[in-house]
Enquirer: 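Got a structure here, written out as structure tokens. Questions coming.
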Protein chains: 2
Amino acid sequence: MTNQMKIISDKIVLNKNSHYIWAKSKSRMFSKACEYGIRATLYIAQKSLNGQRASLKAITHEIDSPEAFTAKILQQLAKAQVVRSVKGPHGGFEIAREDIDSMRLSEIVNAIDGDNIYKGCGLGLKACNAQKPCPVHHKFTAIRNDLKTMLQETRLLELATSLETGLTFLKR
Amino acid sequence: MTNQMKIISDKIVLNKNSHYIWAKSKSRMFSKACEYGIRATLYIAQKSLNGQRASLKAITHEIDSPEAFTAKILQQLAKAQVVRSVKGPHGGFEIAREDIDSMRLSEIVNAIDGDNIYKGCGLGLKACNAQKPCPVHHKFTAIRNDLKTMLQETRLLELATSLETGLTFLKR
DNA sequence: TCAATAAAAGATATAAAGGTCTTAATATCT
DNA sequence: AGATATTAAGACCTTTATATCTTTTATTGA
């Protein structure tokens, strides 16, 4: 490490010409869009259970997310019929009671990130399958299936209720 | 869908001004850099077991990856002492036999992507923990731990051997 | 010691994700 | 009908990940 380099954070390093050298990619289960989408949906569900709509402003305040970006994500969720949007005064976002009961976490994730996280190959190989497996294929199949099952079994109602009772949190 | 829009693929859509509208982010367990890194390391291990070095050219041919990008990743792996590099004629990359025995998949992943995938919160919350859990915290803890355990227990030797015996594959 | 070979380092380019801003559309209330 | 509130749509900007190209350094063998 010479004095010509500049450490920006523990992850980001610039050289003498301010060029980005290397930082470990913050790999995550879901994209940030998806994370915001899940958090927003949970808040909307909670409000809906109380017979109230959630406005964009209230949502972004409550889940601590960038407003304009969150608006885009909510548009997608509305198109995918995960949430319903209502324009005009007293408008906002809502989810029908019966949908809160039946909707699974997988539907939210699918609307934003698709299903690659539990369908694709762990090493990114296109034609990886049980007949022509990649070296980590069988190792990943189990974990992937667990994730898939969990997302498909977890109900929106359950998550919204744990928020309502103060057992879980959407911020920080 | 108006006639002013252009469908590029099932995921990518451009509007009349050729602006990108929305495509589900290809979320994956590991970054592409990490995927190439794992595949490259496995190939190098296989060659090393046969007493041979693997050149960059041979690696990129064998794992079907972009050459210059793979070179960068191999530099990182060399710095992290996952592989050893040798310059000059007959040079290339190699892994010591004892390291093939002891090295775990987690060491390769850590060198490229870090450990966020099995440490971070599923909803991206900074201060999510068992005391102040996010709504999906407990659901994810199990899956995350399984992933962590699998990466820490899987030995390079095991994976390289399954390649050697033609049970698994690195291409396609 | 010189030519050839192979990786390291550095600079730059391109694509995708993340995020903002402005204008349009729609609903409500007076 | 007009003023206001609220989301939708579109254009644009910024940062990060992915990828390439050029120059430098180390090693080998004639």
Side-chain angles (χ1 to χ4, degrees), chain A residues 2 4-5 8-9 11-28 30-37 40 44 53-60 65-79 83-94 112-113 124, chain B residues 2 4-5 8 11-28 30-37 44 53-60 65-79 83-94 112-113 124:
Chain A
T2 79
Q4 295 181 307
M5 296 177 79
I8 300 296
S9 74
K11 293 285 182 186
I12 300 165
V13 177
L14 303 183
N15 71 1
K16 55 182 173 173
N17 295 88
S18 294
H19 282 107
Y20 180 87
I21 294 183
W22 183 278
K24 287 177 184 177
S25 57
K26 269 275 181 197
S27 72
R28 46 176 93 240
F30 308 128
S31 67
K32 292 200 90 176
C34 192
E35 290 177 356
Y36 295 145
I44 296 164
R53 283 189 188 133
S55 71
L56 175 62
K57 269 208 177 344
I59 293 166
T60 57
S65 67
E67 186 169 319
F69 190 42
T70 307
K72 289 294 180 198
I73 295 158
L74 286 165
Q75 269 178 51
Q76 279 311 115
L77 291 174
K79 277 181 192 159
V83 302
R84 201 174 87 83
S85 74
V86 180
K87 285 180 180 177
H90 317 300
F93 297 86
E94 63 186 17
I112 311 285
D113 276 356
Chain B
T2 78
Q4 296 180 305
M5 297 178 80
I8 301 296
K11 293 284 183 188
I12 300 165
V13 177
L14 303 183
N15 71 2
K16 57 182 173 173
N17 294 87
S18 295
H19 282 108
Y20 181 86
I21 293 184
W22 183 277
K24 287 178 184 179
S25 57
K26 270 275 180 196
S27 71
R28 44 174 94 238
F30 308 128
S31 67
K32 293 197 88 176
C34 192
E35 289 177 357
Y36 296 147
I44 296 165
R53 284 190 188 133
S55 71
L56 175 61
K57 269 209 175 346
I59 293 167
T60 57
S65 66
E67 185 168 320
F69 190 45
T70 306
K72 290 294 182 198
I73 295 158
L74 286 165
Q75 269 178 51
Q76 279 311 116
L77 290 173
K79 277 180 191 158
V83 301
R84 201 174 87 85
S85 74
V86 180
K87 285 179 178 177
H90 316 301
F93 298 87
E94 63 185 17
I112 312 285
D113 275 356

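Small disclaimer: the values here were computed from a predicted structure and weren't measured. Letters A, B, ... mirror the listed sequences (proteins, then strands); counts begin at 1.
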Enquirer: Let me know the distance between CG of Leu77(A) and C1' of dA8(D), rounded to the nearest Å.
Expert: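 Result: 14 Å.
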Enquirer: Could you give the CD-to-P distance, from Gln76(B) to dA7(C), as a whole number of Å?
Expert: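 Rounded to the whole Å, the gap is 16 Å.
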Enquirer: Closest approach to the side chain of Lys79(B), judged atom by atom: which nucleotide of dA9(C), dT18(D), dT28(D) is it?
Expert: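 It is dA9(C).
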Enquirer: With a 4.0 Å limit, can you tell me whether Lys32(A) has a side-chain N or O closer than that to the phosphate oxygens OP1/OP2 of dG19(C)?
Expert: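 Yes.
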Enquirer: How long is the span from the NZ atom in Lys72(A) to the CD atom in Gln76(A), to the nearest 0.5 Å?
Expert: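 The distance works out to 9.5 Å.
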Enquirer: Could you give the CD-to-P distance, from Glu67(A) to dC21(C), as a whole number of Å?
Expert: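 Interatomic distance, CD of Glu67(A) to P of dC21(C): 10 Å.
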Enquirer: Kindly point out which of dT26(C), dA26(D), dA19(D) is positioned nearest to the side chain of Lys87(A)?
Expert: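 Within the option list, the nearest is dT26(C).
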Enquirer: What's the CD1-C1' distance between Ile59(B) and dA7(C), to the nearest Å?
Expert: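 Rounded to whole Å, this separation is 11 Å.
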Enquirer: Pick base, sugar-phosphate or nothing for Gly91(A), based on heavy-atom distances below 4.0 Å to the nucleic acid.
Expert: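 Answer is sugar-phosphate: Gly91(A) comes under 4.0 Å of backbone atoms only.
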Enquirer: Can you tell me if Thr70(A) and Ser65(A) form a side-chain donor-acceptor pair at under 3.5 Å?
Expert: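 On atom types as modelled, these side chains qualify, holding a pair under 3.5 Å.
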Enquirer: What I'd like to find out is whether the side chain of Ile44(B) reaches to under 4.5 Å of the side chain of Leu74(B), using heavy atoms alone.
Expert: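 Yes, close enough: below the 4.5 Å cut-off.
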Enquirer: Check the distance between dT6(D)'s P and Lys57(A)'s NZ and give it to me in whole angstrom.
Expert: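 Between P of dT6(D) and NZ of Lys57(A): 9 Å.
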Enquirer: Could you pull out the closest heavy-atom pair between Phe30(A) and Asp113(A), with the gap in Å?
Expert: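 Scanning both residues, the minimum pair turns out to be CA-OD2, 3.4 Å.
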Enquirer: Over how many whole Å does the gap from Arg53(B) atom CZ to dA7(C) atom C1' extend?
Expert: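 That distance rounds to 12 Å.
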Enquirer: Please report the distance, rounded to the nearest Å, between NZ in Lys72(A) and P in dG18(C).
Expert: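 Atom-to-atom, Lys72(A) to dG18(C), this comes out as 15 Å.
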Enquirer: Does OP1 or OP2 of dT7(D) have a side-chain N or O of Gln75(A) closer than 4.0 Å?
Expert: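 Result: no.
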Enquirer: Please pick, from dA8(C), dT7(D), dC21(D), the nucleotide with the shortest atom-to-atom distance to any side-chain atom of Ser85(B).
Expert: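 Of the candidates, dA8(C) comes closest.
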Enquirer: Choosing from dA19(D), dG18(C), dT28(D), which nucleotide comes nearest the side chain of Pro89(B)?
Expert: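 Between dA19(D), dG18(C), dT28(D), the one nearest the side chain of Pro89(B) would be dT28(D).
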Enquirer: Is Tyr36(B) close enough to dT18(D) that one of its side-chain N or O atoms is under 4.0 Å from OP1 or OP2 there?
Expert: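 It does not, given that no N or O in the side chain of Tyr36(B) lies less than 4.0 Å from OP1 or OP2 of dT18(D).
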Enquirer: Could you please name the option among dA7(C), dT28(D), dT20(C) that lies closest to any side-chain atom of Leu56(B)?
Expert: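 Of dA7(C), dT28(D), dT20(C), dA7(C) is nearest to the side chain of Leu56(B).
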Enquirer: Provide, to the nearest angstrom, the distance between the NE2 atom belonging to His90(A) and the C1' atom belonging to dT7(D).
Expert: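 His90(A) atom NE2 is separated from dT7(D) atom C1' by 15 Å.
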Enquirer: Could you measure the distance from the CZ atom of Arg53(B) to the OG atom of Ser85(B)? Nearest 0.5 Å is fine.
Expert: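 Reported to 0.5 Å precision, the distance equals 9.5 Å.
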